[in-house]
Asks: 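I have a structure here, written as structure tokens, and I will follow up with some questions on it.
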Amino acid sequence: MKPYLLDLNEIQRKAVTTTDGPVLVVAGPGSGKTRVLTYRIAHIIQKGTKPWEILALTFTNKAAREMKERIAKVVGDKANQVWAGTFHSIFARILRVEAEKLGYPSNFTIYDSDDSKSLIKNIIKEKNLNPEIYNVNAIRARISSAKSNIIPPKAYRENAELMEQDRFAKRPYTVDIYTAYMARCKKAGAMDFDDLLYQLYALLYKNPDNVLEKYQNRFKYLLVDEFQDTNHLQYQIVLKLTNFKNSMRNVCVVGDDAQSIYGFRGATIENILDFEKDFKQHNIQVFKLEQNYRSTEHIVKAANEVITFNKRQIKKEIWSNKGDGSKIKVIKAQTDNEEGKRIADTIVEQKNRHHLSNKEIAILYRTNAQSRVFEEYLRRYNILYKVYGGLSFYQRKEVKDLVAYFRLVVNPSDEEAFRRVVNYPKRGIGKASVEKLTAVAVQTDQSLWDSVEQVNLGARAKNSLLAFKQIIQSFQSKKDSLNAYELATIIAKKSKILDTLKADNTIEGMGRLENIVGLLDGIKEFVENDEVTEEENEDKSLATYLQNIALHTDLDEKKDIDDFVTLMSVHSAKGLEFKSVFVVGLEEKLFPSFMSLDTIEGIDEERRLFYVAITRAEQFLTLSYANSRYRYGQMRYNEPSRFLNEIDIRHIESNTAMRQSALNSTGISAMPSRSGVKGNFKRVTPNTTLMADPATFKPSPSSQIQAGMKVLHLKFGEGKVLSIDGSEKNKVATIFFNKIDNPQRRIMLKFAKLQILS
DNA sequence: GTTGGTATCTGTGGA
DNA sequence: AGATACCAAC
């Protein structure tokens, strides 16, 4: 038997070796799901399938990367050739190749939610609709859900039920906004997040030049992770690629109905039931992974109890043989502030008593806004922490501004980028001018960019506008000869963004400048990174850089070497595990969220979210709630969460919680002062550490690098060149670096920073 | 067109 | 409470 198969229990092994035909794996928390997925891929490769014939879809880049790293441990660097990535990133990659078949440019922009919102807002304004009734978020959600259910504008208009809903909501023109929105995105050469899925489906459905068959033939094996979180559209794409005449139907989906937590964005557990139905006559095999290798028994049993309160579920019993372990601790606090203090105290205590390091500890909350009190106390106690989520780096205003310049250079039709920077830094092109320009663009059915020459404006505004266009053009003329970093630096300077920020001497202004410098450093790193990751011949242009960051989130950043306590929302914690987990803010109207309270389904989803939260813990689980907390700037009083009562008392540590309650209020002494600490807080951004001293490092000419040599790499340290392959002008060296995890790496010699040692 | 002040809204979740 | 949006005065 292959050695990796010995790492598996009997059911896991079956799930790995049943490679042909449709397979459904129902995987409880901590049941070795990732292991099954990765070994399955490795097994398929070992049986002779080419890695690039395997498509593995995940929800986060992090999950995809982890999967590749683990496949690499079994099959080596062939792992890089597997098509493994998020739905969004893989589909974006395919769409770049096929875009023209759909009438999109291959360098299309990806609109983030802010771009979408801004565009919808403009359309509402242009149509003279009342923005108070036509709430942007409501409209956006409506459009998103239509796309996720494969209902294009035309079908929407013909759908009596949808139209009636809109009439009832007093928003009868929603469908017109939807229609205009799609047209404007296309005009701008832009796709929003939903489009990455929707347009891919459209491509396969319309099937120009037999593109459908091309991908049906290319992917011999398809795997889907977190299947319970797919929406209708994603599932239909899976069907297109696997369920056709003469298909081998080698499709494996892995999921857990109890961990479905993205219903709000259109995910539906129906997909699991449908999958069983759709592949029934093709001999579908179902495997249930029920042994939990992560948590001790009090935790696993509590989780089982909680989830039985949900109506519908696939029957399964998760069990663990790790022993009882510690009971669950419940902390009751009077205020959100006290909650912060008590949690921080408990962390200190656990660190001392159980020798936990920071990175073995996580605080999980329902909403990102809850992080603040915990940050305050952890900082006071000098405990390092890292907040995930919230405003990400790429969502900061100054970063988005500079990125908008990049977008415009790559795709001048990009309407949202144009609006964002046409008058930033200030160059005398105000609201009125932009409105006139928009009117011309709408009338002549062309982009804002193309309308610049035709619009009628006062001489001053017109000249500024022309000068703006010209400066962008000057950047464009350089985009093929300069790499991303060189061009980005020029743009930052010539656009006057750097000057503007340097002139601002406030603390915030300096922070903004720092962020821009950070962005440029990031681009530098992107350019200098010589490691082969996905596709070969990845170029270092600004366009490629943009594609890389469009689907990036904070969570995707590589694990930091430093030792931080993790603070994140329960949603982002899915798939992670920690020795000690704190689930905080367990109050009615917060967790479960007030948004969910009107429906059974809503509460059930919150309960699954709670289930996900508590099953992150390996050994220590602490739950907390506060009687009162500030929300909307006002003190609110909430009952303890119903979920607390759904755990049997015998799993809960008895000297805490409920009975202590009344006495507690006097115990609080110092309230943290809000002043003094404020501006000091800096979000920690991970930094790659160098393994070689840059002062003495002297890169050798890459032409001299040969197999068998010992070399030094700035980031990876000493290594031995195993082999060199690739085309003449794009040589790739496989090098074994003994000082790093995952030691075997593929380095592009074209960009290599290697010093020959011997 | 720009500036500075006030009004308003937000604050489930994320690719 | 904090950020953003909007509006009136310059």
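The structure displayed is predicted, hence computed values, not measured ones. Just so it is clear: chains get the letters A, B, ... in the order the sequence lines come, proteins before strands, and each one is counted from 1.
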Asks: Does anything in residues 108-120 of chain A pair up under salt bridge (Lys or Arg N to Asp or Glu O under 4.0 Å), and if so which pairs, sequence neighbours excluded?
Replies: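 Sorted pair list: D112(A)-K400(A), D114(A)-K400(A), D115(A)-R407(A).
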
Asks: Can you pull out the residues from residues 585-606 of chain A that lie within a 4.0 Å heavy-atom distance of DNA chain B?
Replies: F594(A), M595(A), E606(A)

Asks: Identify whether NZ of Lys or CZ of Arg in K426(A) sits under 6.0 Å from the centre of the six-membered ring of Y424(A) and within 45° of that ring's axis.
Replies: no

Asks: What's F87(A) touching, base or sugar-phosphate or nothing? Going by heavy atoms closer than 4.0 Å.
Replies: nothing

Asks: Considering every strand and a 4.0 Å limit on heavy-atom distances, what is the contact class for N368(A): base, sugar-phosphate, or nothing?
Replies: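 Since only primed, P, OP1 and OP2 atoms lie under 4.0 Å of N368(A), the category is sugar-phosphate.
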
Asks: 5'-most contact on DNA chain B: A461(A) or R140(A), nearest heavy atom basis?
Replies: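 The 5'-side residue here is A461(A).
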
Asks: Whole angstroms only, please: what is the CG-P distance between L609(A) and dG14(B)?
Replies: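 Rounded to the whole Å, the gap is 10 Å.
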
Asks: Which class fits the ring pair F59(A) and Y262(A): parallel under 30°, tilted 30 to 60°, perpendicular over 60°?
Replies: parallel

Asks: Please determine, for the side chain of R631(A), which listed nucleotide (dG14(B), dG1(B), dG11(B)) has the closest atom?
Replies: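 Selected nucleotide (nearest to the side chain): dG11(B).
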
Asks: What is the distance, to the nearest angstrom, from the CG atom on N463(A) to the P atom on dG1(B)?
Replies: 13 Å

Asks: Going by side chain to side chain contact (heavy atoms under 4.5 Å, CB included), name the residues that satisfy it together with A64(A), two or more places apart in sequence or in a different chain.
Replies: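 With sequence neighbours excluded, A64(A) shows a side chain to side chain contact (heavy atoms under 4.5 Å, CB included) to T58(A), given in chain and number order.
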
Asks: Expressed in angstrom and rounded to an integer, what is the separation of H571(A) atom NE2 from dA15(B) atom C1'?
Replies: 13 Å

Asks: Counting any heavy atom closer than 4.0 Å, what does K574(A) reach on the DNA or RNA strands: base, sugar-phosphate only, or nothing?
Replies: nothing

Asks: Between S569(A) and S572(A), is any side-chain donor less than 3.5 angstrom from a side-chain acceptor?
Replies: yes

Asks: Given atom NZ of K125(A) and atom C1' of dA5(C), what is their separation to the nearest angstrom?
Replies: 10 Å

Asks: Which is true for R460(A) with a 4.0 Å heavy-atom rule: it touches a base, it touches only sugar-phosphate, or it touches nothing?
Replies: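 Counting heavy atoms under 4.0 Å across all strands, no contact is made by R460(A).
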
Asks: Could you write nucleotides 2-10 of chain B as a row of B, S and -, 5' to 3', where a protein heavy atom under 4.0 Å of any base atom gives B, of only sugar-phosphate atoms gives S, and otherwise -?
Replies: SS-------

Asks: Name all residues meeting the side-chain hydrogen bond (donor to acceptor under 3.5 Å, both in side chains) criterion together with R142(A); count only those two or more places apart in sequence or in a different chain, and write none if there are none.
Replies: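 R142(A): side-chain hydrogen bond (donor to acceptor under 3.5 Å, both in side chains) contacts with Y156(A), Q165(A), D166(A).
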
Asks: Do T367(A) and Q370(A) have a side chain donor and acceptor closer than 3.5 Å?
Replies: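 Their side chains do contain a donor-acceptor pair, which is all the 3.5 Å distance test asks for.
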
Asks: Check whether the side chains of Q234(A) and Q236(A) place a donor and an acceptor atom closer than 3.5 Å, and report yes or no.
Replies: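 No pair is found: no donor N or O on one side chain lies under 3.5 Å from an acceptor on the other.
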
Asks: Could you tell me which residues satisfy side chain to side chain contact (heavy atoms under 4.5 Å, CB included) with E270(A), sequence neighbours excluded, listed by chain and number?
Replies: T268(A), L273(A), D274(A), R312(A)

Asks: For the pair made of CD in E398(A) and P in dT4(C), what is the distance, rounded to whole Å?
Replies: 11 Å

Asks: Decide yes or no, distance alone: a donor-acceptor N/O pair under 3.5 angstrom between the base of dA15(B) and the side-chain of S113(A).
Replies: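 Between dA15(B) and S113(A), which were checked side chain against base, a qualifying N/O pair under 3.5 Å is present.
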
Asks: What is the distance from NZ of K121(A) to P of dT4(C), rounded to the nearest Å?
Replies: 11 Å

Asks: Are OP1 or OP2 of dG13(B) and a side-chain N or O of S572(A) less than 4.0 angstrom apart?
Replies: no

Asks: Which part of the nucleic acid does A550(A) contact within heavy-atom distance under 4.0 Å: base, sugar-phosphate only, or nothing?
Replies: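 No contact at all - A550(A) keeps every heavy atom at 4.0 Å or more from the nucleic acid.
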
Asks: Under 3.5 Å, sequence neighbours excluded: what are the donor-acceptor pairs made by side chains of residues 458-465 of chain A?
Replies:
{"unit_1": "K462(A)", "atom_1": "NZ", "unit_2": "E453(A)", "atom_2": "O", "d": "2.7"}
{"unit_1": "K462(A)", "atom_1": "NZ", "unit_2": "V455(A)", "atom_2": "O", "d": "2.8"}
{"unit_1": "N463(A)", "atom_1": "ND2", "unit_2": "A459(A)", "atom_2": "O", "d": "3.3"}
{"unit_1": "S464(A)", "atom_1": "OG", "unit_2": "R427(A)", "atom_2": "O", "d": "3.0"}
{"unit_1": "S464(A)", "atom_1": "OG", "unit_2": "R460(A)", "atom_2": "O", "d": "3.1"}

Asks: Using whole Å, what does the distance between atom C1' of nucleotide dA5(C) and atom CZ of R419(A) come to?
Replies: 16 Å

Asks: Regarding N627(A) and Q334(A), is there a side-chain donor-to-acceptor distance under 3.5 Å anywhere?
Replies: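 Yes, because at least one side-chain N or O of N627(A) sits under 3.5 Å from a partner of the opposite role on Q334(A).
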
Asks: Suppose we screen for side chain to side chain contact (heavy atoms under 4.5 Å, CB included). Which residues come up paired with E98(A), at least two apart in sequence or across chains?
Replies: I94(A), K101(A), L203(A), V211(A), K214(A), Y215(A)

Asks: Within 45° of the axis and under 6.0 Å from the centre of the six-membered ring of F108(A), does NZ or CZ of R96(A) qualify?
Replies: yes

Asks: Output the single nucleotide from dG13(B), dG11(B), dG1(B) whose closest atom is nearest the side chain of F264(A).
Replies: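 Out of dG13(B), dG11(B), dG1(B), the nucleotide with an atom closest to F264(A)'s side chain is dG13(B).
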
Asks: Kindly state which residues belonging to residues 223-241 of chain A come within less than 4.0 angstrom of DNA chain B, counting heavy atoms of the residue only, listed by number.
Replies: none

Asks: Send over the distance from E375(A) CD to dA1(C) C1', rounded to a whole Å.
Replies: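 After rounding, the gap between these two atoms is 15 Å.
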
Asks: Who are the side-chain hydrogen bond (donor to acceptor under 3.5 Å, both in side chains) partners of K436(A), not counting sequence neighbours?
Replies: none

Asks: Residues two or more places apart in sequence or in another chain: which of them pass side-chain hydrogen bond (donor to acceptor under 3.5 Å, both in side chains) with S116(A)?
Replies: Y181(A)

Asks: Near DNA chain B, under 4.0 Å by heavy atom, which residues of residues 193-202 of chain A?
Replies: F193(A)

